[in-house]
Amino acid sequence: MTLVAFSNFIDGAFDAPTVTFESIDPSTGTSWATMPAATEADVDRAVAAAHRALHSAAWASLTATARGKLLVRLGDLVVANADRLAELETRDTGKIIRETRAQIAYVGDYYRYYGGLADKHEGSFVPIDKADMEVTIRPEPIGVVAAVVPWNSQLFLSAVKLGPALAAGCTVVLKASEDGPAPLLAFAELVHEAGFPAGTVNILTGFGHDCGRRLTSHPLVSRVAFTGGPSTARAIVSNTAENLAYTTLELGGKSPVVVFADADLDSAANAVVAGIFAASGQSCVAGSRLLVERSIKGEFLDRLKRKAEAIRIGNPQDPATEMGPLATARQREWIEKIVGASLAGGGRLITGGDRPAGHDGGFYYAPTIIDAQDNAGLPCVCEELFGPVLSVLAFDTEAEALALANDTPFGLASGVYTANLGKAHRMARGIHAGVVWVNTYRAVSPLVPFGGYGMSGLGREGGLDAIRDYTRSKSVWIRTSDEPIPDPFVMR
Ligand code: NAD
């Protein structure tokens, strides 16, 4: 089979790569494309191009309104090409086509949102406490941004970085994950078509230990925007000890979903299924810890088991498929290890726990539910699996539910299912997480900030404030008096 060849996009041109690696279709386990493995020299070229572009007339002299129009055009192009990009993402990551099509069409709205925001991010005038001074605050682009994303939802996770960064006037070197980079490398064509000046957006892929390390420690990089796992985040933070880049981190989670006995149980069961089995559980916001009121535990688990066993597993390119494979063999091995340890440690298997029959070539894993039997220390309760595995704990009181929900170093997302409005508010107030969904799950929007507490990260993406994180303020003092400067040895 001829492999499809992809290139890096550096300084406005598609590069013939010097080093390549093969990308595997997770639904078959076979290679389908060659990807460029960006070297440190490639990274240096991309960062130098971004640095040149930052100060170039073609970019620096554009008004914020003109930058905004480019972003809106990019959003329109993403929507127009959503089907093609979705097919590539599904091919390269195994994420089902139903989800990639819908998600990528919505990615267009993220670019449109930040395009609209570009000329609405204002500076300020300070009513200064000195009669002979005028002080204004100018928000200026922070500089060259190194954006690093993981393999799941790469177009989406890039949009929340590229959108505010470009709106603010920064330039960007974006590193796609070495797993499933095809949609981002193809997206580079749209950046080109939208008319962004050469060097303003550079997109490459490669491995973390060389390409990612060089990019995030590069002396010309002023800002790092990272999404990925907590252990990589530590490496990134140590990389930025070299360039002292301002860094935001969007990391993993072990998100609780709390189901009270008074909830609409059928709707809650659907939300729990959406939270853990959508995207085969490979979502940072996966609701992987079910906390269920003890009085309804048996009934609720029966519902969940029926729903989990009815999930249509299959070819991710088939629109009827509800769960595809995991993205990598490595990911499946990790899940198998944790599930094995959890069952050996006393967990009770409700359903799944194995590779589904009839899907031998691909990296499939069955929807799995494990009753942790009140053992909050089981590995499946504590570890982020990034897979379709739900662990279950029971609670008797609201206070106990809240304590269990917060019994994790993570704090990314959470769900609460109840018909009692007061209880919903109390839980929303008490949960330590960046997102609380009440009687729903996995809802996102460019208008709403997103980010974690604790080990789930630092900083927020999305919403009005995200653009602020890509600017730094400059205070401009202008003395209005014509009198000579008074005593030069006294601070004014
Ligand atoms: P990962 O941390 O292994 O890799 C993420 C990126 O970091 C990749 O591009 C990788 O090449 C790069 N990288 C690896 N080592 C590096 C280094 N030393 N220096 C610089 N870059 C380096 O993550 P993954 O396995 O691809 O993705 C899964 C993780 O991402 C999960 O923990 C998941 O929860 C998290 N995630 C978080 C969010 C969020 O918004 N909070 C969204 C999606 C995924």
Side-chain angles (χ1 to χ4, degrees), residues 21 26 35 37-38 40 43 92-93 95 103 110 146-161 173-181 184-185 203-218 221 224-243 245 247-255 276 278-288 326-335 383-387 408-413 433-435 442 444 448-462 466:
F21 65 96
M35 300 295 171
E40 295 191 2
V43 171
D92 217 14
T93 66
K95 195 167 185 175
Q103 195 182 56
Y110 280 75
V148 178
V149 293
W151 50 267
N152 68 314
S153 308
Q154 301 209 38
L155 285 165
F156 180 75
L157 297 170
S158 303
V160 289
K161 297 171 177 58
V173 179
L174 170 62
K175 186 187 112 45
S177 171
E178 61 274 35
D179 295 317
L184 259 192
L185 297 175
I203 302 181
L204 41 81
T205 191
F207 295 91
H209 65 272
D210 50 4
C211 161
R213 205 206 65 77
R214 178 66 183 159
L215 177 58
T216 50
S217 61
H218 199 288
V221 163
V224 172
F226 172 72
T227 301
S231 61
T232 313
R234 289 194 186 90
I236 299 264
V237 169
S238 92
N239 297 346
T240 59
E242 292 182 39
N243 56 12
T247 301
T248 49
L249 306 167
E250 291 289 346
L251 312 179
K254 195 70 198 174
S255 300
I276 188 64
S280 303
Q282 302 166 110
S283 162
C284 55
V285 296
S288 51
L326 298 165
T328 61
R330 182 180 78 242
Q331 187 64 16
R332 184 169 63 176
E333 281 157 23
W334 161 246
I335 290 166
E383 298 282 351
E384 184 191 32
L385 274 88
F386 221 59
T408 170
F410 292 108
L412 191 57
V435 182
R442 268 185 117 222
V444 290
V448 181
F450 178 85
Y453 281 34
M455 292 305 291
S456 288
L458 202 61
R460 293 291 177 269
E461 293 186 326

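Hydrogens, waters and symmetry mates play no part in the numbers below; they use all other heavy atoms, side chains included. For ligands, and for the atoms within them, numbers begin at 1 and follow the listed sequence.
Across Val43 and Leu204, no two heavy atoms sit closer than the pair CA-CD2, 4.4 Å. Heavy-atom minimum distance, Ala176 versus Pro181: CB-CB, 3.8 Å.
Here the options are Leu215, Thr216, Val221, Val148, the test is side-chain contact (heavy atoms from CB on, under 4.5 Å), and the partner is Asn239; only Thr216 passes.
In this structure, the side chains of Phe226 and Leu251 come closer than 4.5 Å at one or more pairs of heavy atoms. Looking only at side-chain heavy atoms (C-beta outward), Cys211 and Lys175 come within less than 4.5 Å of each other.
A side-chain donor from one of Ser153 and Lys95 sits under 3.5 Å from a side-chain acceptor of the other.
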May I have the N/O to N/O pairs between ligand 1 and the protein that fall below 3.5 Å, each with atom names and distance to one decimal?
unit_1	atom_1	unit_2	atom_2	d
ligand 1	2 (O)	Gly229	N	2.8
ligand 1	2 (O)	Thr232	OG1	2.6
ligand 1	9 (O)	Val149	O	2.8
ligand 1	9 (O)	Lys175	NZ	3.1
ligand 1	11 (O)	Lys175	NZ	2.8
ligand 1	11 (O)	Glu178	OE1	2.6
ligand 1	19 (N)	Asn239	ND2	3.2
ligand 1	25 (O)	Trp151	NE1	3.4
ligand 1	26 (O)	Trp151	NE1	3.3
ligand 1	30 (O)	Gly228	O	3.4
ligand 1	32 (O)	Glu384	OE1	2.8
ligand 1	34 (O)	Glu384	OE2	2.6
ligand 1	41 (N)	Leu251	N	3.3
ligand 1	41 (N)	Leu251	O	2.7

